[in-house]
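We name chains A, B, ... by the order of the sequence lines, and we start the count at 1 in each one.
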Amino acid sequence: MANLIQMAREEIAALIERAYQSAVQEGLLPSGVQVAGKVEIPKESKNGDYASSYALAAAKPLNKKPRELAELILAHLSLEGSGFERVEIAGPGFLNFYLGAAWYGKVLSAIEREGAAYGASDMGKGARVMVEFVSANPTGTMTIGNARGGVLGDATAAVLERAGYEVHREFYVNDAGNQVEMFARSLEARYLQLLQGEGAAEIPEDGYHGEDIKELAQRFFEIHGDAFLSADPARRREEMRRFGLSHNVEKMKTDLSRYGIHYDQWFLESSLYESGYVEETMQLLTDAGHTYEKEGALWLCNTAFGADKDEVLRRSNGLYTYYAVDIAYHRNKFCVRGFDKVIDVLGADHHGHAVRFAATMTAPELGMEDKTLDFIIMQLVQLLQDGKEVKVSKRSGKSITLSDLLDEISVDAARFAFNAKPTNHLIFDLDIAVREDSENPVYYIQYAHARICSLLTRLQEAGYAVPAAEAINPALLCAPEEKALIKTLSQLPEEIHFAARDYDPSRINRYLVALAGDFHRFYNACRIQGEEQPLLLARLKLAESVRAVLKNGLDLLGISAPEAM
RNA sequence: GCGCCAGUAGCUCAGUAGGAUAGAGCAACUGCCUUCUAAGCAGUAGGCCAGGGGUUCGAAUCCCUUCUGGCGUGCCA
């Protein structure tokens, strides 16, 4: 699990610390001054492979001019036995370090040795983390927003797994409560309309008016005929509810699976009612004195925990609210199932809920006050077609569903496009996503992979096998394009580390674009076939390493790595 | 009103807990295939990092403030 970048950073920090101590010994600098000089990778390689701002940061506490201090450090700095071959002072006092050839060889060795695990770390130390995502209401079809949430959640989970967490992917099925009741009533109305004409029944005011409800009623009719026409309405609705939910949940499972998303668990909201856990949780809050009754409803005194308003837990009609069940659900995640950390991926329209729920979490009686619940709030997706915004409206039936989308564009393109940026506002341009050409960056990456595969085949036919990392001379890989490429290869572990830390898997997309770009530039500048054997073998090894890392990253994102295009 | 997210090239976006001359991709223009995939590469052009203050050696980045946009502030989920 080599993070060669981090190792290089630590090495530089140690080299400077040693130089500082050595200057102290000679009485040139005061002792005991702790300065955390930052080691960074300069934007331009002419400023070194790594640069330390130590002299800039330490100038004041050491009472020296930055440039002067840098000279002093440099004079006491020994690169003997380090991965660096050269260090110099530049600009206002940066210490710029240049890597030696052996370091480049180490990168290729690490990729070879670690294989598909390259980039992994033990950051999570095996902690059990649940990522709950999509959790679309089973009263309808999944939207573009769910498509984004699916990719974001799945990719975040993948990145956390690679970073050493034990990850559990969960879909929360809202198969109980008010919305489901509305769903059943809407279905019932459509069923009755089907049998007795439009005027026979009316969809409830807050019901579901979409075409999908009509279709579901039609299917129900095809199976049961008019058997439920004269049945007890409560029984009829129960039957239709069950039918509708199971149909919709199956559809979601199918669509998500087609999308490459597989859950460890589909958790039923209804199970929280059945186990009495909702009731128990409410009792807990009531016993603790955190609730009050007002106008026939039971309220949670959430302002006592710092929220901006109180929440209704039980409506005056006796039904529990989403909020109440959500408290029970999160208690279940932490206290029953024992997750160390829980991440909820939510749409921006739920951010208010996230803020208020965080307040509720601090109620000590719930047993979650010291637990980690993180929210990934993604801004809404704006859909663009023919350069114009497509208004998403469930009611008008104009919304584009996840399965519509997958009929239009490849899973690879969708997974890439929805992970193209962090959680902020995303503009999804259908016209670009549909295109299978260079306008679509996913093909840029896949093309690099396919190009290398073809290259490897050609060389194999010519009798050259990919050598072991130990067998090549890394000093031969000295062209700027080769060095840049290897440095980018070395960055995957760091990228995964940051992606896991910040819950930002879109870093991997950007990383892969950069890696593909570095490869294409290398490919253009450096030939392989026809070179002297040592150089040919070194470059062959480099190409194979790039292929492996591209595959590695694409796998992480659930995107295919084609061998030919 | 209050809260959350945002404002960087014509468009879509990066900018790795403050670093050196602000970067990609697309679109535009100019070149590069008799040799490993041109779905590629090289180059040109394109910027008051929304505006204004502050913090310091140094700010797109941190603080304050104004403006603009999206979302939230339901006995909806």
Side-chain angles (χ1 to χ4, degrees), chain A residues 5 38 40-44 46-47 51 53 56-57 59-60 65-66 90-94 96 135-137 139 174 177-180 182 206 294-299 308-309 311-317 319 321-323 325-326 347-356 377-380 382 384 387 420-429 432 436-441 443-444 446-448 450-459 462 491 494-495 497-499 501-502 504 506-507 509-511 513-514 516-517 519-530 539-540 543 564-565:
Chain A
I5 292 196
K38 243 178 71 186
E40 56 202 35
I41 299 174
K43 270 175 258 174
E44 292 190 57
K46 71 176 172 64
N47 287 326
S53 58
L56 296 167
K60 198 166 231 184
K65 286 183 181 156
F94 286 102
N96 294 342
S135 299
N137 246 312
T139 52
N174 300 117
N178 200 47
Q179 290 306 115
V180 171
M182 282 300 165
D206 301 324
K294 193 176 90 181
E295 292 162 11
L298 181 71
W299 291 72
D308 57 347
K309 63 192 248 326
E311 296 287 339
V312 172
L313 295 173
R314 195 183 57 228
R315 299 184 190 85
S316 47
N317 68 7
L319 290 176
T321 59
Y322 169 85
Y323 202 91
V325 186
D326 212 32
D349 51 343
H350 287 65
H351 77 250
H353 171 77
V355 172
R356 291 187 288 274
I377 312 275
M378 50 169 190
Q379 302 299 306
L380 301 179
Q382 185 182 355
L384 228 56
K421 52 184 292 194
T423 54
N424 35 8
H425 184 75
L426 180 104
I427 294 181
F428 192 94
D429 192 331
I432 288 182
E436 302 198 350
D437 59 25
S438 59
E439 267 206 61
N440 199 335
Y443 293 100
Y444 184 76
Q446 291 181 319
Y447 178 62
R451 214 178 197 188
I452 299 170
C453 288
S454 152
L455 182 61
L456 294 174
T457 308
R458 284 296 190 103
L459 284 158
Q491 281 168 15
E494 178 126 310
E495 288 300 328
H497 177 86
F498 285 132
R501 185 196 65 184
D502 300 340
D504 180 10
S506 70
R507 279 177 160 279
N509 285 37
R510 273 173 255 125
Y511 171 77
V513 170
F519 174 75
H520 287 311
R521 279 183 285 278
F522 155 76
Y523 181 88
N524 237 260
C526 307
R527 287 200 60 81
I528 299 177
Q529 224 167 42
R539 286 180 174 168
L540 175 56
M565 285 176 79

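Taking atom P in both B:rG52 and B:rA9, one finds a spacing of 16 Å when rounded to whole Å. Annotation: B:rA50 and B:rA6 have their P atoms spaced 13 Å apart (nearest Å). Nucleotides B:rC64 and B:rG3 place their P atoms 11 Å apart, quoted to the nearest Å. Taking atom C1' in both B:rC13 and B:rA27, the straight-line distance is 15 Å, to the nearest Å. Rounded to a whole angstrom, the distance from the C1' atom of B:rU68 to that of B:rG25 is 27 Å. Using atom C1' as the reference point in both B:rU56 and B:rG72, the two lie 38 Å apart (nearest Å). Taking atom P in both B:rU66 and B:rA24, the straight-line distance is 37 Å, to the nearest Å. Taking the P atom of each, B:rG18 and B:rC63 are spaced 11 Å apart, rounded to whole Å.
Among the heavy atoms of the strands, none lies under 4.0 Å from A:C453. Contact annotation for A:L459: no contact, since no heavy-atom pair falls under 4.0 Å across all strands. A:R458 comes within 4.0 angstrom of the backbone, heavy atoms only, and of no base. Counting any heavy atom pair closer than 4.0 Å across all strands shown, A:A543 reaches no nucleic acid atom. Contacts of A:N96 with the nucleic acid, taken as non-hydrogen atoms under 4.0 Å apart, include base atoms. Residue contacts for A:A564: at a heavy-atom cut-off of 4.0 Å it reaches a base atom on one of the strands shown. Using a 4.0 Å heavy-atom criterion, one finds that A:A420 contacts no nucleic acid atom at all. In this structure, A:A90 reaches the bases: a heavy-atom distance under 4.0 Å links it to at least one base atom across the strands shown. Using a 4.0 Å heavy-atom criterion, one finds that A:R501 contacts the bases of the nucleic acid, with or without backbone contacts as well.
Searching all strands for a Watson-Crick or G-U wobble partner of B:rU21 with both distances below 3.5 Å returns nothing. As the counterpart of B:rA28, B:rU44 is assigned, both hydrogen-bonding distances of the Watson-Crick or G-U wobble pattern falling under 3.5 Å. Figure legend. B:rU35 is base-paired to no nucleotide; pairs are counted as Watson-Crick or G-U wobble with both atom distances under 3.5 Å. Of the nucleotides present, B:rC71 is the one that pairs with B:rG3 by Watson-Crick or G-U wobble criteria, both distances under 3.5 Å. Taking a pair to require two hydrogen-bonding distances under 3.5 Å in either a Watson-Crick or a G-U wobble arrangement, B:rC76 remains unpaired.
The nucleotide whose nearest atom lies closest to any side-chain atom of A:R527 is, among B:rU35, B:rA42, B:rG40, B:rU35. The side chain of A:P42 lies closest to B:rA20, out of B:rA17, B:rA39, B:rA20. Distances from the side chain of A:Y447 to the nucleotides B:rC41, B:rU37, B:rA20 place B:rU37 closest.
A heavy-atom distance below 4.5 Å is not found between the side chains of A:D206 and A:N178. Counting only heavy atoms from C-beta outward, the side chains of A:I452 and A:F519 approach each other to under 4.5 Å.
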Margin query: Determine whether A:R510 and A:S506 satisfy the following criterion, side chain to side chain donor-acceptor pair (under 3.5 Å), listing intermediate values before the conclusion.
Written below: CA-CA 7 Å; A:R510 273 173 255 125; A:S506 70; 2.4 Å; yes
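Mapped onto RNA chain B by nearest heavy atom, A:L56 and A:E494 fall at different nucleotides, with A:E494 at the one closer to the 5' end.
Remark: A:H350 engages no residue in a side chain to side chain donor-acceptor pair (under 3.5 Å) (not counting sequence neighbours).
For the pair A:D502 CG and B:rU61 P, the interatomic distance rounds to 19 Å; values are reported in whole Å. Taking atom OH on A:Y444 and atom C1' on B:rU37, their separation rounds to 14 Å, with Å as the unit.
Taken from CG in A:N509 to CG in A:D504, the straight-line distance is 9.0 Å, to the nearest 0.5 Å.
With a glycosidic angle more than 90° from 0, B:rA22 adopts the anti conformation.
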Item checked: Per-nucleotide protein contact string for nucleotides 71-77 of chain B, where B marks a base within reach and S marks sugar-phosphate only (heavy atoms under 4.0 Å, - for neither) -> BSSSBSB
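In this structure, A:K309 places its NZ atom where more than 12 heavy-atom neighbours from other residues, nucleotides or ligands lie under 6.0 Å away.
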Give every pair of a protein N or O atom and an N or O atom of nucleotides 28-34 of chain B that lie under 3.5 Å apart, one pair per line with the distance.
none

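In terms of heavy-atom proximity, A:Y511 sits nearest to A:Q491 at CE1-CB, 3.9 Å.
For A:Y443 and B:rC26, the shortest distance from a side-chain N or O to OP1 or OP2 is not below 4.0 Å.
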